[in-house]
Amino acid sequence: MTDDTFAPGLENVIAAETRLSHVDGEAGELVISGFPVEELAANATYEETVFLLWNDRLPDADELDALRDDLAARRDLADEAYEVVRAAAEDGADAMDALRMGAASANLGREDESPEEAARTAVARFPTVVAAYWRTREGEAPLSPREDLSHAGNYLYMLTGEEPSDAEVRGLETYLNTVVDHGLNASTFTARTIASTRSDVVSAATGAVGALKGPLHGGAPGPVLDMLFEIEETGDPEAYLRERLASGERIMGFGHRVYRVRDPRAAVLSSAAERFYEADGDGEFFALAAEVEETATDLLAEYKPDRPLDTNVEFYTSLLLHGIGIPRDLFAATFGVSRVGGWTAHSLEQLEADRLIRPRGRYVGDADRTWTPLDER
Ligand code: COA
């Protein structure tokens, strides 16, 4: 049967069966491997989350210990992979380009691993790539990963050289769990398409980094933070936002392709950020952000009455990551450090389904041209 329906952004096309996550854009609900995102974010370590995604159940204590040890033992990169990341940083590459180059060489020396092992290698090594890039860019030597720290704790340690506080680790873990998977978004679909050719998991994750890099996907939280700083300086959220909207600009951190109500991840990250700023940080900055959110949603309803526009995940991502001490330029790459858990799980699921993803294009070109010799053109 041939169906000629054309959906240029593949909207509403179902291209995979998945047990990994479900997004309900009308109700504003996200389920990850059976758990509402609020439940997962509040309780899981990142290691538990990736076990859940890879196995469709929670680990028992022995299984969790074994996974923690295995991931910790895989963190260090091959010397040549450190060289690639160092060259990227010294060449002025941005963090996402460096992550793409580092991801591509993440399994150097381990090319024969099974898909399940390659998934663990990719998840274990993404933080090492990002941290090595950052230290080099800052003029410092990369730090060797520490096997005694958790996945999230070790990432923070490799960035700063200091052992993070429990609140920082928990804050980062909440973020990593909240954004780990989100339906068939562009980077996840990319990963599945690559896996569908029976290619390998590291290739799938590397391609997905390329998709995540684009400003329509992973690039918004940096600009959200810039906006909050600018508003802090002017002291007048409403005037600032009105000026933006009147000149036709988009307000970063609002609107979504799927959600028509507030993104459920915004609530999770907002509570985490609030707890964090009240305990460890700057309560006034959080209060300013909450005021900006309220003002922006009111003004968006005024300027765009036909389109429901509410807060998306990136608004409080910027606040939480900034509070934890993740540099602004690493926000998108830190998204990748989380999402690689989802990409690898989708790759394994697609390998299992073993169905080549191969849509059709609608041909709109000519069909009856005759060849003109070069000297007559
Ligand atoms: N600020 C102001 N207006 C916005 C807006 C925003 N953040 N998001 C959408 N709109 C407006 C558009 O200008 C458009 O208005 P128009 O019909 O008068 O031209 C209308 O809403 C529909 O926009 P459209 O681009 O079709 O929606 P989309 O589903 O393709 O866009 C996003 C989704 C996320 C790309 C979009 O909302 C956006 O650019 N948001 C800001 C960037 C951001 O926060 N990205 C992170 C997403 S998690």
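Both counts, for ligands and for their atoms, begin at 1 and track the order of listing.
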Query raised in the report: Tyr277 vs Phe285 aromatic rings, parallel, tilted or perpendicular, using cut-offs 30° and 60°?
Result: tilted

Query - Selected option - heavy-atom contact closest to atom 23 (O) of ligand 1, from Arg257, Arg250, His182 - result: Arg250

Query raised in the report: With a 4.5 Å limit on heavy-atom distance, are the side chains of Tyr259 and Asp310 in contact?
Result: no

Query raised in the report: Which protein heavy atom lies closest to atom 45 (N) of ligand 1, and at what distance to 0.1 Å?
Result: Ala220 CB, 3.6 Å

Report task. Going by heavy-atom distance to atom 47 (C) of ligand 1, choose the closest among Val313, Asp310, Asn312. Result -> Asn312

Query raised in the report: Counting from 1, what ligand 1 atoms have a heavy atom of Met252 closer than 4.0 Å?
Result: 42 (C), 44 (O)

Query raised in the report: Do the numbers put Arg377 on top of the ring of Trp371, so that NZ or CZ is under 6.0 Å from the six-membered ring centre and no more than 45° off the axis?
Result: yes

Query - Residue selection (non-hydrogen contact nearest atom 28 (P) of ligand 1) among His217, Arg307, Glu249 - result: Arg307

Query raised in the report: Relative to atom 34 (C) of ligand 1, which among Gly255, Gly218, Gly9, Pro305 owns the nearest non-hydrogen atom?
Result: Gly255

Query - Proximal ligand 1 atoms for Glu314, defined as those under 4.0 Å from one of its heavy atoms - result: 46 (C), 48 (S)

Query raised in the report: What do you think, any protein heavy atom under 4.0 angstrom from atom 16 (P) of ligand 1?
Result: yes

Query - Hphob cluster co-occupancy, Leu143 + Leu77, side-chain heavy atoms under 4.5 angstrom - result: no

Report task. Before accepting this row, confirm whether a basic side-chain N of the pair Arg135/Glu138 lies closer than 4.0 Å to the acidic partner's carboxylate O. Result -> no

**Report entry** Closest protein heavy atom to atom 41 (C) of ligand 1, given as residue, atom name and distance to 0.1 Å
**Finding:** Phe254 O, 3.4 Å

Report task. Determine, for Arg257 against Glu11, whether the closest basic-nitrogen to carboxylate-oxygen distance falls under 4.0 angstrom. Result -> yes

Query raised in the report: Less than 6.0 Å separating the ring centroids of His322 and Phe229?
Result: yes

Report summary line: Of all protein heavy atoms, the one nearest atom 8 (N) of ligand 1 is Leu309 CD2, 3.6 Å

Requested in this report: Would you mind checking which non-hydrogen protein atom is closest to atom 19 (O) of ligand 1, with the distance to 0.1 Å?
Outcome: Lys304 NZ, 4.2 Å

Report task. Using a strict cut-off of 4.0 Å, indicate which atoms of ligand 1 neighbour a heavy atom of Leu300. Result -> 1 (N), 2 (C)

Requested in this report: Indicate yes or no: does an N/O atom of Gly253 lie under 3.5 Å from an N/O atom of ligand 1?
Outcome: yes

Query - Side chain Asp366, main chain Asp368, donor-acceptor under 3.5 Å - result: no

Query raised in the report: Between Thr45 and Glu173, does any side-chain donor sit less than 3.5 Å from a side-chain acceptor?
Result: no

Requested in this report: Tell me yes or no: between the side chains of Ser347 and Gln350, is some donor less than 3.5 Å from an acceptor?
Outcome: no

Query raised in the report: Would you say Arg260 has any N or O atom under 3.5 Å from an N or O of ligand 1, going by distance alone?
Result: no

Query - Protein heavy-atom partner closest to atom 6 (C) of ligand 1 - residue, atom, separation in Å - result: Ile251 N, 3.6 Å

